[in-house]
Undergrad: 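Before I ask anything, here is the structure I am working with.
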Amino acid sequence: MSPLYRAPRGTVDVLPQEQPYWEHVYQTATHLCQLYGYSRIDTPVFEDASLFARGVGQTTDIVQKEMYVFQDRGGEMMALRPEGTANVCRAYIQHGMRNLPQPVRLYYWGPAFRYDRPQAGRQRQFTHFGYEAIGVDDPALDAEVIEFAWRLYQELGLTDLSLQLNSIGDPNCRPSYLTALNAYYEDKLGSVCPDCRARFQKNPLRLLDCKVEGCQPIIDAAPPFIDYLCEACAHHFQELCSYLEALAIPYTLNPRLVRGLDYYTRTVFEIQPPEEGAQNTVGAGGRYDGLIEELGGKPTPAIGLATGVERIIVNLKRAKVPIAALDRPAVFVVYQTAAARPTAAKLASELRRAGIAAVMAVGGRSLKAQMRQADAAGVLYTAILGKEELATDTVNLRRMEDGHQERVASKDVRRLIAKGLRQTR
RNA sequence: GUGGGCGUAGCGUAGCGGUCAACGCGCCAGGUUGUGGCCCUGGAGAUCGAGGGUUCAAAUCCCUCCGUCCACCCCA
């Protein structure tokens, strides 16, 4: 089948039958934001392209080959946001939020875009839920952000994830670590995969998360960043760990964990599903103490998390987490003859006005066909308006579950349905 | 950007050289005169992803393109 148009490559339509999953994630996330004191912020889906080049990092794959960049009609270079943190930081600076009590806790929910080959759990337009706590470098805040993430997945029903944690230092100590890593790899380049040889040149930290089997022993023996942290970073990390222990968050120290975005400093973490797969991250975050200054603000520490809603949903399905169905209409109004249609419309309208979800049969079909529609709609009640009901100002109210029905006075319909609904719920 | 699998009605599939195509689900209409879910009957719906080639003959073989899925890369 090849229709004239289809959703662009790497994009999807979220159909009605998928919506319960989205609703579940959205409700859970926003409720927790409220509990943790985060306020919503919505930023544009496109921004000055250079915001991301500077924010995410000029050398990252995201900026170099995955960003949707375009020139607008005024000649400005714009980009669809590939993630949300840079936008939030820009907004923080632009609106002078450093004058608010710190930290400023913000969350966002919306689409992000990366031009990439689609595959399982990876789309060109995808949905990010994320939150940022800006203005404080206390490790207690790191712990709060991580606890929030852990709690989020627990409440969503993803109870078999793992939390990976690492520290990648700051501008103070990273150079010495890179020197050590370089020295370690220099004489091993012959026994390492070609990709790793490229990483050695381009982005040495990435050497640590190579998946090629032959590289594993070499990575295992590589020096861990933790051993090279400067005193301030080491202290920060130790404190964070003791907070997490106090909070009973089961984290795994992972010296291989590095992140693909340039702005991270110190704390980095990732939440991974149990199964080995290509997309083994549902959510990730970390501290980015240099970003706001990089974007033109005053030096401001911050930490945040972003999670992919589509990936959450993939995992909810894989784990067969039960999801509540969305509410269906309570009442379907059917009629025997065309003469009854105005009365049917009026009844449906009155029911809705009383807060009872009601739809009326349309399309001029036979009563039998209307009943079939009522059944397909999954309603609790069908209100039948036959000739006799019309003549006597009554309604034949049928309970679909067991077929029990009785003729009731029109004025009583609302009350009876409301009562029936209360008993069902 | 690289590699592999797959593309037949809305969905899931069969057919793999010879009546331009089958089945299940779904959809629509009936099964006597006012009624759902089960069952029965009938119907609509496919230029077999697109283009080209081989052949007397192609959904079935070959090529190209497109789409899709999976993996690499990267990341949420």
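Chain naming here is simple, since letters A, B, ... match the order of the sequence lines and numbering starts at 1 in each. Owing to the predicted nature of the structure, the values given are computational and were not obtained by experimental measurement. All values below were derived from every heavy atom in this structure, side-chain atoms included, with hydrogens, water molecules and symmetry-related copies excluded.
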Undergrad: In whole Å, what separates the C1' atom of B:G15 from that of B:G53?
TA: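 Nearest-Å result for B:G15 against B:G53 at atom C1': 24 Å.
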
Undergrad: Say we look at B:G5 and B:C75: how far apart would their P atoms be, to the nearest angstrom?
TA: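 About 28 Å, rounded to a whole number of Å.
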
Undergrad: Using a cut-off of 4.0 Å on non-hydrogen atoms, how would the nucleic acid contact of A:Ala284 be classed: base, sugar-phosphate, or nothing?
TA: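 Since only primed, P, OP1 and OP2 atoms lie under 4.0 Å of A:Ala284, the category is sugar-phosphate.
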
Undergrad: Taking salt bridge (Lys or Arg N to Asp or Glu O under 4.0 Å) as the test, write out the residues that go with A:Asp220, two or more places apart.
TA: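 A:Arg256.
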
Undergrad: Identify the nucleotide, in any strand shown, that forms a Watson-Crick or G-U wobble pair with B:G3, with both distances under 3.5 Å; if there is none, say none.
TA: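 Matched B:G3 with B:C70 under the 3.5 Å cut-off.
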
Undergrad: Less than 4.0 Å between a side-chain N and a carboxylate O, is that true for A:Glu147 and A:Arg151?
TA: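 No salt bridge links A:Arg151 with A:Glu147.
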
Undergrad: For B:G49 and B:C6, measure between their C1' atoms and round to the nearest Å.
TA: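 That atom pair is separated by 12 Å.
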
Undergrad: Quote, to the nearest angstrom, the C1' distance that separates B:G7 from B:G51.
TA: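 It comes out at 15 Å once rounded to the nearest Å.
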
Undergrad: Could you say whether A:Pro118 or A:Ala306 is positioned toward the 5' end of RNA chain B, judged by the nucleotide with the nearest heavy atom to each?
TA: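 Of the two residues, A:Pro118 wins.
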
Undergrad: Once you apply a heavy-atom cut-off of 4.0 Å, does A:Asp61 come out as touching a base, just sugar-phosphate, or nothing?
TA: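 Counting heavy atoms under 4.0 Å across all strands, the contact made by A:Asp61 is with sugar-phosphate only.
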
Undergrad: Using purine N1 to pyrimidine N3 plus N6-O4 or O6-N4 for Watson-Crick, or N1-O2 and O6-N3 for G-U wobble, each under 3.5 Å, what pairs with B:A21?
TA: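 Paired with B:A21, as far as the under-3.5 Å criterion goes, is no nucleotide at all.
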
Undergrad: At less than 4.0 Å, is any side-chain N or O atom of A:Arg206 found next to OP1 or OP2 of B:C75? Yes or no.
TA: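 Result: yes.
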
Undergrad: Extract from the structure each pairing of a protein N or O with an N or O of nucleotides 30-36 of chain B at less than 3.5 Å, listing the distance.
TA:
| from | atom 1 | to | atom 2 | distance (Å) |
| --- | --- | --- | --- | --- |
| B:G34 | OP2 | A:Gln336 | NE2 | 3.0 |
| B:G34 | O4' | A:Gln336 | NE2 | 3.2 |
| B:G34 | N1 | A:Glu389 | OE1 | 2.7 |
| B:G34 | N1 | A:Glu389 | OE2 | 3.0 |
| B:G34 | N2 | A:Glu389 | OE1 | 3.2 |
| B:G34 | N2 | A:Glu389 | OE2 | 3.1 |
| B:U35 | O2 | A:Arg398 | NH1 | 3.2 |
| B:U35 | N3 | A:Gln405 | OE1 | 3.2 |
| B:U35 | N3 | A:Gln405 | NE2 | 3.0 |
| B:U35 | O4 | A:Asn396 | ND2 | 3.3 |
| B:U35 | O4 | A:Gln405 | NE2 | 2.5 |
| B:G36 | O2' | A:Asp375 | OD2 | 3.4 |
| B:G36 | N7 | A:Arg398 | NE | 3.3 |
| B:G36 | N7 | A:Arg398 | NH2 | 2.5 |
| B:G36 | O6 | A:Arg398 | NH2 | 2.9 |
| B:G36 | O6 | A:Met400 | O | 3.3 |
| B:G36 | O6 | A:Gly403 | N | 3.4 |
| B:G36 | N1 | A:Met400 | O | 2.4 |
| B:G36 | N2 | A:Asp375 | OD1 | 2.8 |
| B:G36 | N2 | A:Met400 | O | 3.3 |
| B:G36 | N3 | A:Asp375 | OD1 | 3.2 |

Undergrad: Looking at B:A71, I'd like to know if its phosphate oxygens (OP1 or OP2) sit under 4.0 Å from a side-chain N or O belonging to A:Gln119.
TA: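 Yes, A:Gln119 has a side-chain N/O under 4.0 Å of OP1/OP2 on B:A71.
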
Undergrad: At less than 3.5 Å, do the side-chain atoms of A:Arg122 and the base atoms of B:C69 form a donor-acceptor pair?
TA: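 Side chain to base: no pair present.
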
Undergrad: Dump the intermediate steps for salt bridge (Lys or Arg N to Asp or Glu O under 4.0 Å) on A:Arg415 and A:Asp412, then the final yes or no.
TA: CA-CA 5 Å; A:Arg415 189 171 51 74; A:Asp412 294 332; 3.6 Å; yes

Undergrad: For the pair made of CD in A:Gln123 and C1' in B:C74, what is the distance, rounded to whole Å?
TA: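 Going from A:Gln123 (CD) to B:C74 (C1'), I get 16 Å.
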
Undergrad: Within the structure shown, what part of the strands sits under 4.0 Å from A:Gly130 by heavy-atom distance: base, sugar-phosphate, or nothing?
TA: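 The answer is nothing, as A:Gly130 stays clear of every strand by at least 4.0 Å.
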
Undergrad: Whole-Å distance between B:C75 C1' and A:Gln164 CD?
TA: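 Distance, rounded to whole Å: 16 Å.
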
Undergrad: Using the closest heavy atom to pick a nucleotide of RNA chain B for each, name whichever of A:Thr127 or A:Val212 lands nearer the 5' end.
TA: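 Checking each residue's closest nucleotide, the 5'-ward one belongs to A:Val212.
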
Undergrad: Examine distances only and state if a side-chain atom of A:Asp375 and a backbone atom of A:Met371 form a donor-acceptor pair shorter than 3.5 Å.
TA: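 No; zero donor-acceptor contacts below 3.5 Å.
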
Undergrad: If you compare every side-chain N and O of A:Arg365 against the phosphate oxygens of B:A29 (OP1, OP2), does one of them come in below 4.0 Å?
TA: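 Yes, because at least one side-chain N or O of A:Arg365 sits under 4.0 Å from OP1 or OP2 of B:A29.
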
Undergrad: Looking at the base of B:C74, is there any donor atom on it, or on the side chain of A:Arg114, that sits under 3.5 Å from an acceptor on the other one?
TA: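 When only heavy-atom distances are counted, A:Arg114 does not reach the base of B:C74 through any donor-acceptor pair under 3.5 Å.
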
Undergrad: Nearest-Å distance, CG (A:Leu208) to P (B:C73)?
TA: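 In whole Å, B:C73 P lies 15 Å from A:Leu208 CG.
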
Undergrad: Taking only the side-chain heavy atoms of A:Ala120 (C-beta and beyond), determine which of B:U68, B:C75, B:C70 contains the nearest atom.
TA: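 Side chain of A:Ala120 sits closest to B:C70.
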
Undergrad: B:A14 pairs with which nucleotide, Watson-Crick or G-U wobble, both distances below 3.5 Å?
TA: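 By the stated definition (distances under 3.5 Å), nothing pairs with B:A14.
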
Undergrad: Looking at A:Leu161 and A:Trp150, what are the two nearest heavy atoms and their distance?
TA: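 Smallest interatomic distance, heavy atoms only, reads O-CH2, 3.3 Å.
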
Undergrad: Dump the intermediate steps for side chain to side chain donor-acceptor pair (under 3.5 Å) on A:Asn254 and A:Thr252, then the final yes or no.
TA: CA-CA 6 Å; A:Asn254 183 351; A:Thr252 304; over 6 Å; no

Undergrad: Nearest-Å distance, CG (A:Asp195) to C1' (B:U2)?
TA: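 My rounded result for the distance is 10 Å.
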
Undergrad: How long is the line joining CG of A:Leu205 and P of B:C74, in whole Å?
TA: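 That distance rounds to 13 Å.
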
Undergrad: Rounding to the closest angstrom, what is the interatomic distance between B:C16 and B:C72 at atom C1'?
TA: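 Between the two C1' atoms, the distance is 33 Å.
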
Undergrad: Measure the distance from OH on A:Tyr115 to C1' on B:C75 and round it to the nearest whole Å.
TA: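 Checked: the OH to C1' distance equals 17 Å.
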
Undergrad: Can you check the distance between B:U13 and B:A46, where both ends of the measurement are the C1' atom (answer in whole Å)?
TA: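 Result for the C1' pair: 14 Å, nearest Å.
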
Undergrad: Sort out the partner of B:G30 for me: Watson-Crick or G-U wobble, both distances under 3.5 Å, none otherwise.
TA: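 Looking at the geometry, B:G30 pairs with B:C40.
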
Undergrad: Does any non-hydrogen side-chain atom of A:Leu305 lie less than 4.5 Å from one of A:Tyr131?
TA: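 Counting from C-beta outward, A:Tyr131 and A:Leu305 do come under 4.5 Å.
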
Undergrad: Using the P atom on both, measure B:G43 against B:A22 and round to a whole Å.
TA: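 Nearest-Å result for B:G43 against B:A22 at atom P: 12 Å.
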
Undergrad: Could you walk me through whether A:Arg407 and A:Glu389 pass the salt bridge (Lys or Arg N to Asp or Glu O under 4.0 Å) test, one step at a time?
TA: CA-CA 8 Å; A:Arg407 191 176 293 174; A:Glu389 286 80 9; 3.4 Å; yes

Undergrad: Rounded to whole angstrom units, what separation is found between the CD atom of A:Gln370 and the C1' atom of B:G37?
TA: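 Answer to the nearest Å: 17 Å.
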
Undergrad: Which nucleotide, if any, forms a Watson-Crick or G-U wobble pair with B:A50, using both distances under 3.5 Å?
TA: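 Pairing partner: B:U64.
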
Undergrad: What integer number of Å spans the P atoms of B:C27 and B:U68?
TA: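 Straight-line distance between the two P atoms is 29 Å.
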
Undergrad: How long is the gap from CZ on A:Arg398 to NE2 on A:His404, to the nearest 0.5 Å?
TA: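 Reported to 0.5 Å precision, the distance equals 10.5 Å.
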
Undergrad: Expressed as a whole number of angstroms, how long is the span from A:Arg124:CZ to B:C74:P?
TA: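 Rounded to whole Å, this separation is 18 Å.
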
Undergrad: Donor-acceptor pair under 3.5 Å: do we get one between A:Arg117's side chain and the base of B:G3?
TA: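 Under the 3.5 Å cut-off, the side chain and the base do form a donor-acceptor pair.
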
Undergrad: Within the 3.5 Å criterion, strictly below it, is a donor on A:Asp170 or A:Thr265 matched to an acceptor on the partner's side chain?
TA: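 No, A:Thr265 and A:Asp170 have no side-chain donor paired with an acceptor closer than 3.5 Å.
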
